[in-house]
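All residue numbers in this chain count up from 1 along the given sequence.
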Amino acid sequence: MQTRHVVIIGAGPAGLCLALALAQQGMQVDVIERQGADALAEPGFDGREIALTHASMRLLRTLGVWQHIAEDEISPIRRACIMDGARAHFTVDGTALGHDHLGTLVSNHIIRAAAWKAVTAQARIRVHADARVESVSCQGDFASAHLGDGKELRAPLLVAADSRFSEARRGMGIPAHMHDFGKSMLVCRMQHDASTAGTAWEWFGNGMTRALLPLGEHLSSVVLTLPDAEAQALMRLSAEDFAREVTTHYEGRLGSMSLASTIHRYPLVATWSRRFVGPRFALAGDAAVGMHPVTAHGFNLGLASVEHLAQAAGDGWRRHGDPGDAALLARYQRRHRLSSAPMFAGTQLLLGVFTGPHAFLRPLRRVVMSAGSRVPALRRALAANLVDDGPRPASLARHLRVALNVLRPRLGPARPHA
């Protein structure tokens with residue numbers, strides 16, 4: 001078998017970025033997507049604002065995606081404020097790491113449109129829009145995607161990038177742990193009187209999580225995590241009543257607020273696939289790991305999977321003439337688990353401590369908030385996690401070196417990051 005062909009199911013941002021990364025490795029790529037070409041070229045606003053780390057921005061530049069994002073669509077996050085209730089809080093920023101901002105915000109639909117433009121300019125990528133995958137299978141040296149119109153696409157490597165509820169993952173018999181939080185995420189843009197000063201908030205308390213993402217001095221994305229019935233009730237309100245309710249939920253901290261976009265609701269379900277690979281098969285993006293949005297790292301982990309999987313497929317082709325080489329897919333699984341497991345487990349623990357209803361958790365919350373206020377090393381560690389400005393760790397040793405560098409005492413001002 002000497003073929004450098006890969007088939008990807010799903011043309012979301014992760015699937016399109018993976019196609020670009022594979023094409024740069026010399027692969028011929030087919031992407032299957034159930035949406036039409038018009039929707040892929042001009043995706044509508046969906047309320048989701050993506051917080052990108054420095055490593056993710058670097059990869060998007062390498063893939064030719066960032067060049068298609070207008071400067072006025074990019075909003076820096078200069079600092080983050082973590083709050084528990086009305087008073088307890090601490091702030092992290094990137095100054096100790098040599099950065100004037102932690103990361104940037106770009107709307108999901110803007111990233112999708114930019115990735116589509118990059119894909120259409122790449123001759124090695126062919127997109128099959130308006131196509132539905134009926135089943136997937138593996139036969140010896142090839143995996144196949146069987147389409148609803150009777151076509152079959154075969155390749156030595158088939159990748160599922162079709163969301164955290166991946167049908168292809170299920171079709172290949174890969175189980176996934178799913179944690180349904182029993183709540184929904186309500187997202188929209190709001191204008192407000194007070195300035196954000198480039199600060200993102202993550203606010204716990206009163207049985208909900210509230211986030212605020214700065215899109216401008218007087219414009220923010222608000223993210224409310226609520227029981228689904230409450231979320232639906234808010235969506236039925238008039239724009240004026242909705243704005244008053246949101247102002248109340250945020251306790252007037254930004255002054256009076258008004259609705260500046262459509263409102264969108266998403267179920268909160270986190271997923272962890274028990275395996276990231278199978279014979280001639282791999283999972284990428286949310287199909288591998290679907291994060292709760294509280295740490296704003298879901299898409300960044302998706303891009304980490306793109307980087308690791310493209311490298312594995314490229315090495316498989318160069319060394320063995322096989323992009324689906326089993327040993328190199330296993331390496332991809334090890335690396336992506338190492339990248340994502342600490343974040344996934346830490347997010348689940350954070351949510352358990354700060355959103356759990358039990359009274360015994362309150363002292364623990366106070367301890368965490370006090371440590372955030374008093375321990376500079378903890379704030380540096382949180383900032384380093386948000387900035388993520390180095391090469392993605394591919395081994396435990398590199399993880400430990402990064403951690404020691406972050407946690408060691410700083411005896412002088414941080415050097416500017418090169």
Side-chain angles (χ1 to χ4, degrees), residues 1-12 14-37 40 119 122-176 271 273-288 302 305-306 308-333 336:
M1 174 186 56
Q2 291 284 322
T3 175
R4 57 179 76 191
H5 186 199
V6 178
V7 173
I8 300 171
I9 302 172
L16 293 178
C17 286
L18 177 60
L20 289 163
L22 290 168
Q24 289 184 352
Q25 294 278 346
M27 304 291 114
Q28 299 291 330
V29 186
D30 279 290
V31 182
I32 306 168
E33 172 56 44
R34 64 178 62 186
Q35 291 189 88
L40 293 171
V119 161
Q122 174 54 259
R124 290 194 178 102
I125 301 173
R126 181 172 57 176
V127 178
H128 305 263
D130 271 324
R132 186 176 185 88
V133 176
E134 292 294 331
S135 64
V136 291
S137 62
C138 177
Q139 313 90 15
D141 289 341
F142 292 91
S144 297
H146 308 272
L147 307 186
D149 61 3
K151 291 180 182 177
E152 178 186 4
L153 293 176
R154 300 200 324 156
L157 177 60
L158 175 65
V159 181
D162 54 341
S163 88
R164 65 189 64 198
F165 306 109
S166 172
E167 295 177 5
R169 180 184 63 211
R170 183 178 296 109
M172 282 295 195
I174 296 180
T271 58
S273 297
R274 302 295 174 86
R275 291 183 285 118
F276 293 171
V277 300
R280 305 282 166 201
F281 185 70
L283 302 173
D286 280 1
S305 74
V306 165
H308 294 149
L309 183 52
Q311 187 64 53
D315 286 348
W317 169 254
R318 286 184 291 272
R319 296 178 190 179
H320 311 294
D322 181 5
D325 179 79
L328 289 166
L329 288 183
R331 187 190 73 182
Y332 158 66
Q333 177 170 264
H336 193 42

If every non-hydrogen atom of [X] is compared with every non-hydrogen atom of [Y], which pair is closest and at what distance?
X	Y	value
Gly171	Val136	C-CG2, 3.9 Å
Pro156	Pro323	CG-CG, 3.7 Å
Val133	Ala145	CG1-CB, 4.5 Å
Leu329	Ala282	CD2-CB, 4.5 Å
Ala287	Ala160	CB-O, 3.5 Å
Thr271	Asp286	OG1-O, 3.8 Å

Out of curiosity, [X] [atom1] to [Y] [atom2], how far, rounded to the nearest 0.5 Å?
X	Y	atom1	atom2	result
Leu40	Leu16	CG	CG	7.0 Å
Gln25	Leu20	CD	CG	12.5 Å
Leu157	Cys138	CG	SG	10.5 Å
Arg154	Asp141	CZ	CG	9.0 Å
Phe142	Thr3	CZ	OG1	6.0 Å
Gln24	Gln122	CD	CD	7.5 Å

Apply side chain to side chain contact (heavy atoms under 4.5 Å, CB included) to residues Trp317 and Asp322 and explain how you reach the verdict. CA-CA 4 Å; Trp317 169 254; Asp322 181 5; over 6 Å; no
Whether the side chain of [X] engages the backbone of [Y] through a donor-acceptor N/O pair (distance < 3.5 Å, no angle test) should be reported.
X	Y	answer
Ser305	Ala284	no
Ser144	His146	no
Arg280	Ala155	no

Does the side chain of [Y] come within less than 4.5 Å of [X]'s, by heavy atoms?
X	Y	answer
Ser273	Arg275	no
Ile174	Leu283	yes
Met172	Glu167	no
Val7	Val159	no

Please assess Ile125 against Leu22 for the test side chain to side chain contact (heavy atoms under 4.5 Å, CB included), listing each intermediate value before the final yes or no. CA-CA 9 Å; Ile125 301 173; Leu22 290 168; over 6 Å; no
Would Gln311 and Leu328 count as a side chain to side chain contact (heavy atoms under 4.5 Å, CB included) if you check the C-alpha gap in whole Å, the side-chain angles of each, and the deciding distance to 0.1 Å? CA-CA 9 Å; Gln311 187 64 53; Leu328 289 166; over 6 Å; no
Report yes if the distance between the aromatic ring centroids of Phe276 and His336 is under 6.0 Å, otherwise no.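 Yes, the ring centres sit under 6.0 Å apart.
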All salt bridge (Lys or Arg N to Asp or Glu O under 4.0 Å) counterparts of Asp315, not counting sequence neighbours: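 Scan of Asp315 (salt bridge (Lys or Arg N to Asp or Glu O under 4.0 Å), adjacent residues dropped) gives Arg318, Arg319, Arg331.
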Electrostatic pair Lys151-Glu134, nearest N-O below 4.0 angstrom: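 A salt bridge is absent here (no side-chain N lies under 4.0 Å from a carboxylate O).
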Identify all side-chain donor-acceptor contacts of residues 26-33 below 3.5 Å with residues at least two apart in sequence or on another chain.
{"unit_1": "Asp30", "atom_1": "OD1", "unit_2": "Arg126", "atom_2": "NE", "d": "2.6"}
{"unit_1": "Asp30", "atom_1": "OD1", "unit_2": "Arg126", "atom_2": "NH2", "d": "3.0"}
{"unit_1": "Asp30", "atom_1": "OD1", "unit_2": "His128", "atom_2": "NE2", "d": "2.6"}
{"unit_1": "Asp30", "atom_1": "OD2", "unit_2": "His5", "atom_2": "NE2", "d": "2.6"}
{"unit_1": "Asp30", "atom_1": "OD2", "unit_2": "Arg126", "atom_2": "NH2", "d": "3.2"}
{"unit_1": "Glu33", "atom_1": "OE1", "unit_2": "Ala11", "atom_2": "N", "d": "2.7"}
{"unit_1": "Glu33", "atom_1": "OE2", "unit_2": "Gln35", "atom_2": "N", "d": "3.0"}

